Amino acid sequence: MDKGYGTLYLVATPIGNLEDITYRAVRILSEADLVAAEDTRRTLKLLNHLQIKKPLISYHDNNRLSRADELVERLKNGENIALVSDAGMPAISDPGEELVSICIQEGIPVTVIPGCTAALSALVVSGLSTKRFAFEGFLPHRRNERIKRLKELSGEERTLIFYEAPHRIRSTLNDMLEVFGERQCALARELTKLHEEVLRGSLPELVSKLETEPPRGEFVIIVSGAVGGQKKEPFLMTQTGVEELVHHYQEQGLSRMEAMKQAAKDLGISKRDVYRSLNQ
Ligand code: SAM
């Protein structure tokens, strides 16, 4: 029975290039009674660009629980609400999940206006297997929790997709190297933007590349899955990876000893462990 409720529209917005908005997203944003946005100033810019004038209400991580009641009330009164996040698909590492769940419980129609999401955009351009994949979003910020999560994932055969902030990319890649060993990886940076770039290579190669090029902008990390579900030996045991890193520093003019010291520092292990894994 039609209860006369409005609809919650989950509207995907561009992850950089404004041309990536869909015709349908533009129509829904124009027709909605209200746009609920993670950051109203940012969404106002998008709406201005699209020449859409619409009331905006904030819906972000800090007010999502209290704001949900108001939004549900308005939906029950027949208003149509478009939910958008700062970029990409709402509810993917962005607010939305709880609101969707409450609406479903309350019998309010929910529908999606598909479009960009950084995770899948990065996956398809990574060159790694797209047959089966697992989206992990952001890893925990604390190192011991991050290492624990990575260890839990180390036997995962599907391609892994992670989001990461630029200031944590280096430490996260080092942790991945330590736990996953020498896997193939892709760093998809600033997708759809002016400085779009995809760095592809093994984890040790990308770790050493970022030593010389400080990471800037937004990144998605794609890592190949474990082969045959076997947990890989930790990086310490993979001689070629350590050798590559030491060699990289030697090429940059460091002595063998200095290069080993630097590699140990990058990998968060002792110089003796570097020496041992080179001589095993
Ligand atoms: N809801 C968004 C989506 O559907 O992709 C994700 C939001 S999450 C808060 C932001 C993270 O997405 C960034 O830290 C980065 O990892 C990734 N990201 C967003 N835009 C990106 C872009 N243009 N290029 C690469 N990564 C991007």
Side-chain angles (χ1 to χ4, degrees), residues 8-22 24-25 28-29 35-43 45-46 49 58-64 82-101 110-128 130 133-141 146 149-150 153 159-176 185-201 206 209-210 213-223:
L8 175 70
Y9 293 93
L10 305 166
V11 182
T13 57
I15 57 168
N17 190 324
L18 293 182
E19 288 179 24
D20 291 333
I21 190 97
T22 68
R24 191 160 164 239
I28 295 296
L29 289 170
V35 176
E38 190 183 4
D39 178 341
T40 50
R41 278 173 308 176
R42 206 164 153 158
T43 299
K45 281 190 195 154
L46 175 70
H49 172 82
S58 72
Y59 181 76
H60 48 69
D61 267 342
N62 298 328
N63 73 358
R64 64 185 204 285
L83 176 70
V84 299
S85 65
D86 285 355
M89 192 61 90
I92 298 295
S93 296
D94 269 339
E97 182 182 330
E98 287 101 344
L99 186 59
V100 170
S101 156
V110 180
T111 191
V112 63
I113 312 300
C116 289
T117 181
L120 294 188
S121 307
L123 174 69
V124 294
V125 83
S126 69
L128 300 177
T130 58
F133 53 86
F135 173 65
E136 281 293 318
F138 290 96
L139 284 163
H141 295 176
R146 194 161 65 214
R149 177 78 51 83
L150 290 172
L153 289 169
T159 304
L160 295 165
I161 308 173
F162 301 91
Y163 284 162
E164 193 49 287
H167 64 278
R168 266 191 293 268
I169 279 277
R170 280 172 165 164
S171 48
T172 295
L173 283 181
N174 273 319
D175 292 346
M176 288 179 172
C185 175
L187 296 178
R189 172 177 170 262
E190 295 285 89
L191 290 173
T192 78
K193 302 186 198 173
L194 185 63
H195 298 293
E196 170 173 323
E197 182 180 28
V198 184
L199 302 173
R200 301 179 182 89
L206 294 182
K209 191 161 179 67
L210 290 192
E213 289 171 28
R216 287 210 187 87
E218 297 200 275
F219 283 88
V220 181
I221 308 175
I222 312 281
V223 185

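Since the model is a prediction, treat every value here as computed from it, not as a measurement. Read the numbers this way: they start at 1 and go in the same order the structure lists the ligands and their atoms.
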Give the residue and atom name of whichever protein heavy atom lies nearest to [atom], and the separation in Å to one decimal.
atom: atom 26 (N) of ligand 1; result: Val220 CG2, 3.3 Å
atom: atom 20 (N) of ligand 1; result: Glu218 OE1, 3.3 Å
atom: atom 10 (C) of ligand 1; result: Phe138 CZ, 4.0 Å
atom: atom 15 (C) of ligand 1; result: Phe219 O, 3.2 Å

Do Met89 and Asp94 come close enough that some side-chain heavy atom pair is under 4.5 Å? no

Tell me, do Glu190 and Arg216 make a side-chain contact under 4.5 Å, heavy atoms counted?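 Heavy-atom side-chain distance check fails, nothing below 4.5 Å.
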
Answer yes or no: does an N/O atom from [X] fall short of 3.5 Å to an N/O atom of ligand 1?
X: Arg189; value: no
X: Ala188; value: no
X: Pro90; value: no
X: Tyr163; value: yes
X: Leu191; value: yes
X: Gly88; value: no
X: Ile92; value: yes

The single option from Leu153, Ile169, Val220 passing side chain to side chain contact (heavy atoms under 4.5 Å, CB included) against Phe162: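 Single side chain to side chain contact (heavy atoms under 4.5 Å, CB included) partner of Phe162 among Leu153, Ile169, Val220: Leu153.
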
Atoms of ligand 1, numbered as shown, that sit under 4.0 Å from any heavy atom of [X]:
X: Ser93; result: 7 (C), 8 (S), 9 (C)
X: Glu164; result: 14 (O), 16 (O)
X: Glu190; result: 23 (N), 24 (N), 25 (C)
X: Thr117; result: 3 (C), 4 (O), 5 (O)
X: Lys193; result: 23 (N)
X: Met89; result: 1 (N), 3 (C), 4 (O)

On a heavy-atom basis, which atom in Leu46 and which in Leu18 lie closest, and how many Å separate them? CD1-CD2, 3.7 Å

Which atoms form the tightest heavy-atom contact between Pro215 and Pro166, and what is the distance? CG-O, 3.7 Å

Nearest heavy atom to atom 18 (N) of ligand 1: which of Ala118, Pro14, Cys116 does it belong to?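 Of the listed residues, Ala118 has the closest heavy atom.
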
Taking NZ in Lys193 as the centre, count heavy atoms belonging to other residues, nucleotides or ligands within less than 6.0 Å. Is the count above 12?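 Yes, the 6.0 Å shell around NZ holds more than 12 heavy atoms from other groups.
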
I'd like to know whether CD of Glu97 has more than 12 heavy-atom contacts from other residues, nucleotides or ligands below 6.0 angstrom.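 Check fails, neighbour count at 12 or below.
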
Run the contact test for [X] against ligand 1 with a 4.0 Å cut-off on heavy atoms, strictly below, and give the result.
X: Ala87; value: yes
X: Asp94; value: yes
X: Phe162; value: no

For the pair Arg170 (side chain) and Leu210 (backbone), establish whether a donor and an acceptor sit closer than 3.5 Å, ignoring hydrogens and angles. yes

Short side-chain to backbone donor-acceptor contact, Ser126 and Ile222, under 3.5 Å: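 No: the side chain of Ser126 does not pair with the backbone of Ile222.
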
Any side-chain donor-acceptor pair under 3.5 Å between Ser58 and Asn63? yes

Verify whether one side chain among Arg168 and His141 offers a donor that lies under 3.5 Å from an acceptor in the other. yes

Establish, yes or no, whether a centroid distance under 6.0 Å links the rings of Tyr163 and Phe135. yes

Dump the intermediate steps for salt bridge (charged side-chain N to carboxylate O under 4.0 Å, His left out) on Glu98 and Arg64, then the final yes or no. CA-CA 8 Å; Glu98 287 101 344; Arg64 64 185 204 285; 2.9 Å; yes

